[in-house]
Asker: 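Below is a structure I'd like to ask you about.
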Amino acid sequence: MIPYGFQWIDKEEIDAVVGVLRSDRITQGPCIEEFERAVAEYTQALHAVAFSSGTAALHAACAAAGVGTGDEAITSPLSFIASANCAVYMGARPVFADIEPASLTLDWRKAAKKVTPRTKAVIPVDFGGQPCALDEITALARQHGLVVIEDAAHALGAEYKGRLVGSRADMTILSFHPVKHITTGEGGMVLTNDAALHEKLARFRTHGIAREPSKLTRPDEGAWYYEMQELGYNYRITDIQCALGLAQLKKLDLFVKRRREIAGQYALAFSSLPGLRLPQESAGTRSSYHLYVLQLPIDRLKGGRRAFFDALVEWKLGVNVHYIPIHLQPYYQRRFGYRRGDFPLAEGYYDRAITIPLYPKMTDEDVRYVIASVSDVFRQLWT
Ligand SMILES: *Cc1c(COP(=O)(O)O)cnc(C)c1O
């Protein structure tokens, strides 16, 4: 089976993890800050806070943005559910705006129509590694006093207008799940240039606890003293994970280069298949190709997407579908009243989409095998 995504871990990573296991601090030690500094430096963000997952990072970002009960946060229906759940965790309403069909990211014009006095944040998603229209979204946010939380779980190493993703939005979220660009097993991060947000994020990660004397109401109580000043969680990442992340980060450029190379080979090979829509890079951006999604001409394929998917599974390809639009999830329908038909572009995309394998450790032979299988199944089902 060739999976749709897979980690690349060598001896350096294993040695780094073993090094931490042999050390005194396996959590709350020095590796965490080292990893945060390294990712911040790489992305040119001023601050970084690492979390136990990308989902925890999104939750923390919503809390730091002041998203609360009765508020609204605007996001894309075409994402992993975590992009919207983070607003729900805070008691807010997730409000969706449909996608731009070319970039598959949040359409800022449609997002503009969803702004109300209750809107607190906008959470655009860099879908599949393709950066969203961040300048337009930021302009909209500034006009209405919203916080921009860029969900860049797919886009570490991607570029937007000549700069790496991570240093422009009020907060940028990363995930280090094994299918993402670099992994810590589970893990995530928030990047920000804002010192006040940085402080809130760090506190949220550890139960809302403050220890710096300047922040305490009773600073003279004693050396043991700390205060819980807000409600927080234990969303810490471990030093074991951060050692893995640090070793992975050294290979990120290589990983992205290889992903782009494979995407280029796919684009060339599949351009001859009629009616097939391939990922497109928006002007002024460089995708880091987390996913390679084909949009099938389902009306011309016998059995549609389902038959195409099942045939590729027969060929031992670990194909997938990214994503079922969030508003179609039963919980979202029941709790927030969303229905099929609400976001026709995301829904139309979903009906046509299939994700084929793309990860840096794929060999040239794997790539040729994927191309041959996809082309073969396409021709077999074509009518
Ligand atoms: C993976 C992912 C997340 C969540 O990350 P986890 O680390 O799995 O919690 C959030 N948003 C998007 C778009 C993702 O793909």
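A quick note: this is a predicted structure, and the numbers were derived from the prediction, not measured.
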Asker: Would you say D126 and Y160 make side-chain contact, with heavy atoms under 4.5 Å?
Answerer: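 They are not in side-chain contact.
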Asker: Which heavy atom of T184 sits nearest a heavy atom of G245, and at what distance?
Answerer: CG2-CA, 3.7 Å
Asker: Output yes when a side-chain donor or acceptor of N193 lies under 3.5 Å from a complementary backbone atom of L46, and no otherwise.
Answerer: yes
Asker: Please identify which of these residues, Y349, Y4, Y350, meets the ring-ring contact (aromatic ring centres under 6.0 Å, His included) condition with H322.
Answerer: Y4
Asker: Decide whether I14 and V20 are clustered together by the hydrophobic rule: side chain heavy atoms of Ile, Leu, Val, Met, Phe, Trp, Tyr closer than 4.5 Å, transitively.
Answerer: yes
Asker: Determine, for Y292 and R260, whether the Lys NZ or Arg CZ falls below 6.0 Å from the six-membered ring centre while staying within 45 degrees of the axis.
Answerer: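 Negative - R260 is either too far from the ring of Y292 or too far off its axis.
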Asker: Tell me the closest heavy-atom pair linking H327 and P77, and the distance in Å.
Answerer: ND1-CB, 3.7 Å
Asker: Evaluate the ring planes of F336 and Y338, with Trp represented by its six-membered ring, and classify them as parallel (under 30°), tilted (30 to 60°) or perpendicular (over 60°).
Answerer: tilted
Asker: Rounded to the nearest 0.5 Å, how far does CD1 of I74 lie from NZ of K110?
Answerer: 13.5 Å
Asker: Within the structure provided, determine whether M362 and I262 are in side-chain contact (heavy-atom separation under 4.5 Å).
Answerer: yes
Asker: Over 60° means perpendicular and under 30° means parallel, so classify the ring planes of F343 and F96, tilted if in between.
Answerer: perpendicular
Asker: Taking all non-hydrogen atoms of both residues into account, name the closest pair between C31 and C242 and its distance.
Answerer: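 In terms of heavy atoms, the two residues are closest at O-CB, 3.6 Å.
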Asker: Starting from the C-alpha separation in whole Å, work towards a yes-or-no answer on salt bridge (Lys or Arg N to Asp or Glu O under 4.0 Å) for R218 and E221.
Answerer: CA-CA 6 Å; R218 286 185 288 154; E221 184 87 2; 3.1 Å; yes
Asker: I'd like to know whether I123 forms a side-chain contact (heavy atoms from CB on, under 4.5 Å) with C86, so could you lay out the CA-CA distance, the side-chain angles of the two residues, the decisive distance to 0.1 Å, and finally the verdict.
Answerer: CA-CA 10 Å; I123 310 173; C86 55; 3.8 Å; yes
Asker: Could you give all pairs that pass the ring-ring contact (aromatic ring centres under 6.0 Å, His included) test and reach residues 39-82, with sequence neighbours left out?
Answerer: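 Residue pairs passing ring-ring contact (aromatic ring centres under 6.0 Å, His included), neighbours aside: H47-H198, H59-Y89, H59-F204, H59-Y233, H59-Y235.
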Asker: Ignoring hydrogens and angles, state whether a donor on the side chain of Q229 or R203 is under 3.5 Å from an acceptor on the partner side chain.
Answerer: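 Yes.
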Asker: To the nearest 0.5 Å, what is the distance between CZ on R300 and CG on L273?
Answerer: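 Reported value, rounded in 0.5 Å steps: 13.0 Å.
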Asker: Among the clusters formed by ILVMFWY side chains lying less than 4.5 Å apart, do I32 and F176 turn up in the same one?
Answerer: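 No; tracing contacts between hydrophobic side chains, which count when under 4.5 Å, never links both residues.
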Asker: Begin from the C-alpha positions of D366 and K316 and carry the test salt bridge (Lys or Arg N to Asp or Glu O under 4.0 Å) through to its verdict.
Answerer: CA-CA 11 Å; D366 292 335; K316 300 268 186 284; over 6 Å; no
Asker: Would the W8 and F255 ring centres measure less than 6.0 Å apart?
Answerer: yes
Asker: We want to know whether S282 and Q130 form a side-chain donor-acceptor pair, criterion being a heavy-atom distance below 3.5 angstrom.
Answerer: yes
Asker: Carefully, step by step, assess L345 and I99 under the rule side-chain contact (heavy atoms from CB on, under 4.5 Å).
Answerer: CA-CA 6 Å; L345 296 173; I99 55 169; 3.9 Å; yes
Asker: Are N85 and Y331 close enough, and set up right, to give a side chain to side chain donor-acceptor pair (under 3.5 Å), and what steps lead you there?
Answerer: CA-CA 11 Å; N85 284 350; Y331 177 86; over 6 Å; no
Asker: Salt bridge between R306 and D310, side-chain N to carboxylate O under 4.0 Å?
Answerer: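 Yes, charged N to carboxylate O under 4.0 Å.
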Asker: Tell me, with the steps shown, if Q44 and R163 meet side-chain contact (heavy atoms from CB on, under 4.5 Å).
Answerer: CA-CA 9 Å; Q44 309 264 289; R163 270 160 63 187; 5.9 Å; no
Asker: For the pair D151 (side chain) and A153 (backbone), establish whether a donor and an acceptor sit closer than 3.5 Å, ignoring hydrogens and angles.
Answerer: yes
Asker: Would H181 and Q248 count as having a side-chain donor-acceptor pair, cut-off 3.5 Å?
Answerer: no
Asker: For residues A121 and V67, report the shortest heavy-atom separation together with the two atoms involved.
Answerer: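 What the structure gives for the nearest pair is CB-CG2, 3.8 Å.
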Asker: Check this for me: does any side-chain nitrogen of one of K251 and E12 sit under 4.0 Å from a carboxylate oxygen of the other?
Answerer: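 Yes, charged N to carboxylate O under 4.0 Å.
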Asker: Give, for atom CD of E100 and atom CD of E136, the distance between the pair rounded to the nearest 0.5 Å.
Answerer: 8.0 Å
Asker: Check step by step if side-chain contact (heavy atoms from CB on, under 4.5 Å) holds for V39 and L191.
Answerer: CA-CA 9 Å; V39 178; L191 303 168; 4.1 Å; yes
Asker: Contact between T183 and I9 at the side-chain level, heavy atoms closer than 4.5 Å - yes or no?
Answerer: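 Yes. Closest side-chain heavy atoms under 4.5 Å.
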Asker: Rounded to the nearest 0.5 Å, how far does CG of L252 lie from CG of L164?
Answerer: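 If we round to the nearest 0.5 Å, L164:CG and L252:CG are 8.5 Å apart.
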Asker: Below 4.5 Å, heavy atoms only, C-beta onward: do V256 and R286 meet side chain to side chain?
Answerer: no
Asker: Walk me through it: do E261 and R258 pass the test salt bridge (Lys or Arg N to Asp or Glu O under 4.0 Å)?
Answerer: CA-CA 5 Å; E261 213 170 81; R258 178 65 179 150; 2.8 Å; yes
Asker: Considering only heavy atoms from C-beta outward, does the side chain of V95 approach that of T119 to under 4.5 Å?
Answerer: no
Asker: So do the side chains of R25 and P30 get within less than 4.5 Å of each other, counting heavy atoms only?
Answerer: yes
Asker: Identify which one of K120, R118, R93 satisfies the salt bridge (Lys or Arg N to Asp or Glu O under 4.0 Å) criterion when paired with D71.
Answerer: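 With D71 as partner, K120, R118, R93 yield a single salt bridge (Lys or Arg N to Asp or Glu O under 4.0 Å), made by K120.
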Asker: Any chance the side chains of D364 and Y369 put a donor and an acceptor closer than 3.5 Å?
Answerer: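 No, because no side-chain N or O of D364 sits under 3.5 Å from a partner of the opposite role on Y369.
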Asker: Would the distance check show the side chain of H290 and the main-chain N or O of G128 forming a donor-acceptor pair, the cut-off being under 3.5 Å?
Answerer: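 Between the backbone of G128 and the side chain of H290 there is no qualifying donor-acceptor contact (under 3.5 Å).
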Asker: Would you say the side-chain atoms of T27 and D239 include a donor-acceptor pair closer than 3.5 Å?
Answerer: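 No.
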Asker: For residues Y359 and Y289, establish whether the separation of their ring centroids is below 6.0 Å.
Answerer: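 Y359 vs Y289: aromatic centres not under 6.0 Å.
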Asker: Would you please name every residue forming a side-chain contact (heavy atoms from CB on, under 4.5 Å) with T138, sequence neighbours left out?
Answerer: L134, R142, V148
Asker: So which heavy atom on A346 is nearest to which on D98, and how close?
Answerer: N-OD1, 3.0 Å
Asker: Quick check against the 3.5 Å criterion: does H177 have a side-chain atom that pairs as donor or acceptor with the backbone of V179?
Answerer: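 Checked: pair present.
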Asker: With hydrophobic residues grouped by side-chain heavy-atom distances under 4.5 Å, do I26 and I237 end up in a single group?
Answerer: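 Per the 4.5 Å side-chain linkage, I26 and I237 are not co-clustered.
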Asker: Donor-acceptor check, side chain of S53 to backbone of A56, threshold 3.5 angstrom: yes or no?
Answerer: yes
Asker: Would K215 and E199 count as a salt bridge (Lys or Arg N to Asp or Glu O under 4.0 Å) if you check the C-alpha gap in whole Å, the side-chain angles of each, and the deciding distance to 0.1 Å?
Answerer: CA-CA 11 Å; K215 306 290 176 192; E199 192 183 319; 3.3 Å; yes
Asker: Of all heavy-atom pairs between L278 and S271, which one has the smallest distance, and what is that distance?
Answerer: CD1-N, 4.3 Å
Asker: Using a 4.5 Å cut-off on heavy atoms from C-beta on, say whether the side chain of E347 contacts that of L328.
Answerer: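 Yes, close enough: below the 4.5 Å cut-off.
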Asker: List the steps, then state whether side chain to side chain donor-acceptor pair (under 3.5 Å) holds for S52 with E186.
Answerer: CA-CA 6 Å; S52 52; E186 298 284 354; over 6 Å; no
Asker: May I ask whether W108 and V125 are part of the same hydrophobic cluster, defined by side-chain heavy atoms of I, L, V, M, F, W, Y residues being less than 4.5 angstrom apart, directly or through others?
Answerer: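 No, W108 does not connect to V125 through the hydrophobic network.
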Asker: In terms of hydrophobic clustering (I, L, V, M, F, W, Y; side-chain heavy atoms under 4.5 Å; direct or indirect links), are V18 and L246 co-clustered?
Answerer: no
Asker: Does any part of the side chain of L381, heavy atoms only, come nearer than 4.5 Å to the side chain of V377, both counted from C-beta?
Answerer: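 Touching, per the 4.5 Å side-chain cut-off.
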